[in-house]
Amino acid sequence: VAPTPMAEAVRMEASPLLVSAKRLNELDAKTVDERTPPLRFRLASGLLVMAGAVVAATYGIRSGSVTMNPTDSLMSEQATPVMKVAVSNKYSQATGKHPGKGYGNRFFEYGALVEPNRPTKLQALFHDDRLSKTDSIKSARWHITQLSNIQESGAQVERHAVEDDEVTVIFKHPGSYHVKLEAHSEMGLRVQHDTVLTSMYVRRELRSLDDDDLEDFMEGMMTIYTTLTEDGQRQYGPDFRSSIHFTEMHLDYAGDRECDHMHDGMGFITQHLALSSEFESALQAVNPTLSLSYWDYTIDRALVDNNEIGNIFESEILGHKFFGSANDTDAAPTMRNSRWAYLAVPMNASAKTHNAYGYLRAPWNMNRSPFVTRSQTVCGVKSWGSWPSCQTHYDVTFSDAYDSWYNYVWAASYTPHGPVHTLIGGYTNCEVGLEAVGNYAGIDNASIADMEYDVVTFVKGAWRSYLTEAPTCTMDTSQNDCTMVCADDPTTNVEFRSRAISYLSGQIGSWVEQIDEEKQGNFVNAVLCKTAYVSGDQLEAGSPSDPSFWSIHPTVDRLLQYKHIANPFNNEDWGNPGHNVTTTYCTTSGGSCEGHKSDDVVPFRIKVMVDGNYTSALVTNEELYWVAHPNTYQLSYIYDTFEWDHCDDQGWVFTTEPTDETTYTITSPFTVNATYGDVPLEADDDASSQPEITSNTPSGPAVAP
């Protein structure tokens, strides 16, 4: 079903979770009089007089025979609350940091975010440390009610009565939760406090996961890679997808002959954001505690720059603990360590897109190996210095050259990102042949090296230009005998040879046209049709076959979120912002560029807030841009932090505070209700004291589920 285009007003609306807070504030204002206890108390006993004196001294309230109106004093906007609820889990307890620093309280209040299905400690604390020095919490009653993203089974409601100041809760779903606390202190203070907590998944950097979570993450991925979709959906539910599904989808869209619908165009970021979201949903079907982790690969470049590791292939991410390494001495190097050793590439010769041997690989990839392949070089060239650095990420974020969405999206897919795929995947089985034909043509070593590295683009480009055709090879066909087929014989067809020379000149250098005419035919034949190019899986259209794929793209999403916050675009149009200029939507199409225009529907389902519930939906590129924008956010996850300490050490300082934080800072939507003595409060199930739960609060953009 085609989604309804997002209205302009959606861009300007507050986040759904903030809308929820406003709604609860309205409800609270309506019920405050019903929840406020009698206004006049006499503190008769000496102990209660002492307790009242302590609080009065702290908060400026007269003690003795007191007339006390909580609405006028402790509940006023200017007054300091008596209580607060501290939130923590194993990560914040270990680091002392809450997740989401830098979002500027746009759609959750910093320090008030909890994570679905992760044990969370809620602690009742005095807001003022001076009071905590003279009094302490003796007991507490907690009432927790889910407000949004309510499942068919109903809202999560929990009640806990503890002889302590803390309780451990597992919030089962993302969404908003109302927490009502009634606390009793040792000195007789009795406080009712209300707040809203936001439950969202947190995407963390791979190396920051503790051992248990890393094991769960890897095992969740392994389940996706070893279970068919049909079997997985029977066991884990409808959100499950196998790795074959993701590889085949990415392959079909990126390996289309007329247009790469996912790369080399304006849809690159949004297409992969949605693909990552659908994979994350499959992970959460297997294990609901999981979220997709990201790989900040600028850390590895900094380690190289600081001489802490010799090259990026010594990174622990490409080692036994994470995604494994490959032996680069083979014709098709295969991962031989870690749990991913000898991971197989799916074979399906009847699939829409496949390679010559029937594997779910790009048609231009002659790789015969049944296993996921990686090479540390591109036809022998070690271009390791192109690995993205702190500077490349800093430049794309803060340079004025990228102050429009159009310029940014065209830059983000290349230097800050692309080399990771290139260097992990690589090309092999081509170094000897290309050096030989280069020497035959009489070109210098530098030009030979350029030609070898440009294999990354000109091999697939020749197929898309109809200069070559993909062959069909049986498993009896040796690797070197399975090559692309020229559309005509370049040694005899002058027109075809001229067209091929012109193409290669644009791809690898004008020196191609200077090759002796009698050698040009053999040169074209050798370069395009007699070399069995073997691409590593990470570098081609079937890249999801390599499990390291999944932590690369969230890094791009995180950087874009940070860009929105720290240095917003001056122009966010889905097109070239210049005057009287043409918008280029993609580079690999005759003009349709399907997948790269603003109203093209992204083929992957993303969890987005629709009518108060996170729904698996199809959205357009532009709709996804806005629901993933921190100012109009509708997704179910955040990133742990916007900090690049390793970059700060190199002089590329990423500010951690958003420039417009005060614009989005919100206060708690609830007021504080404090009383002294034994005045009874209403029952927990009193309707007047509970926030209203509705199916359409909060609401999101109009999208098609």
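Bear in mind the structure is a predicted one, so any value in this text is a computation, not a measurement.
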For residues Asp481 and Ser478, is any side-chain donor paired with an opposing acceptor at under 3.5 Å? yes

Does a side chain donor of either Glu540 or Asn365 reach within less than 3.5 Å of an acceptor in the other side chain? yes

Under 3.5 Å, side chain of Tyr406 to main-chain N/O of Thr584, donor-acceptor pair present? yes

Does the pair Arg257 and Glu469 meet the rule for a salt bridge (Lys or Arg N to Asp or Glu O under 4.0 Å), with working shown? CA-CA 11 Å; Arg257 192 163 195 178; Glu469 297 293 334; 2.9 Å; yes

Separation of SG atoms, Cys259 and Cys593, below 2.5 Å: no

Would Trp340 and Phe322 count as a close aromatic pair, with their ring centres under 6.0 Å? no

Would you check if Ser148 and Asn613 make a side-chain contact, meaning some heavy-atom pair closer than 4.5 Å? no

Using a distance-only test with no angle check, is there a side-chain donor-acceptor pair under 3.5 angstrom linking Asn621 and Thr270? yes

With a 4.5 Å cut-off on side-chain heavy atoms, are Leu539 and Ile424 touching? no

I need the single residue from Asp300, Asp213, Asp296 that forms a salt bridge (charged side-chain N to carboxylate O under 4.0 Å, His left out) with Arg207. Which is it? Asp300

Fit a plane to each ring of Trp295 and Trp387, take the angle between them on a 0 to 90° scale, and name the class: parallel (under 30°), tilted (30 to 60°) or perpendicular (over 60°). tilted

Scan side-chain atoms only and decide if Arg203 and Tyr294 contain a donor-acceptor pair under the 3.5 Å cut-off. no

Does the side chain of His629 come under 3.5 Å of the side chain of Glu572 through a donor N or O and an acceptor N or O? yes

Judged by modelled atom types alone, do Asp239 and Ser281 share a side-chain donor-acceptor pair under 3.5 Å? no

With a 4.5 Å heavy-atom cut-off, do Val345 and Asp537 have their side chains touching? yes

Ring centres of Phe268 and His272 under 6.0 Å apart? yes

Tell me yes or no: between the side chains of Asn429 and Gln479, is some donor less than 3.5 Å from an acceptor? no

Identify the residue among Tyr625, Tyr103, Phe642 that makes a ring-ring contact (aromatic ring centres under 6.0 Å, His included) with His564. Tyr625

Hey, do the aromatic rings of His393 and His417 have their centres closer than 6.0 Å? no

Salt bridge or not between Glu215 and Lys321? Use side-chain N to carboxylate O under 4.0 Å. no

Parallel, tilted or perpendicular: ring planes of His421 versus Phe549, cut at 30 and 60 degrees: tilted

May I ask you to decide if Tyr359's main-chain N or O and Asn355's side chain share a donor-acceptor pair within less than 3.5 Å? yes

Check whether any side-chain N or O of Gln146 sits under 3.5 Å from a backbone N or O of Pro174 as a donor-acceptor pair, and report yes or no. no

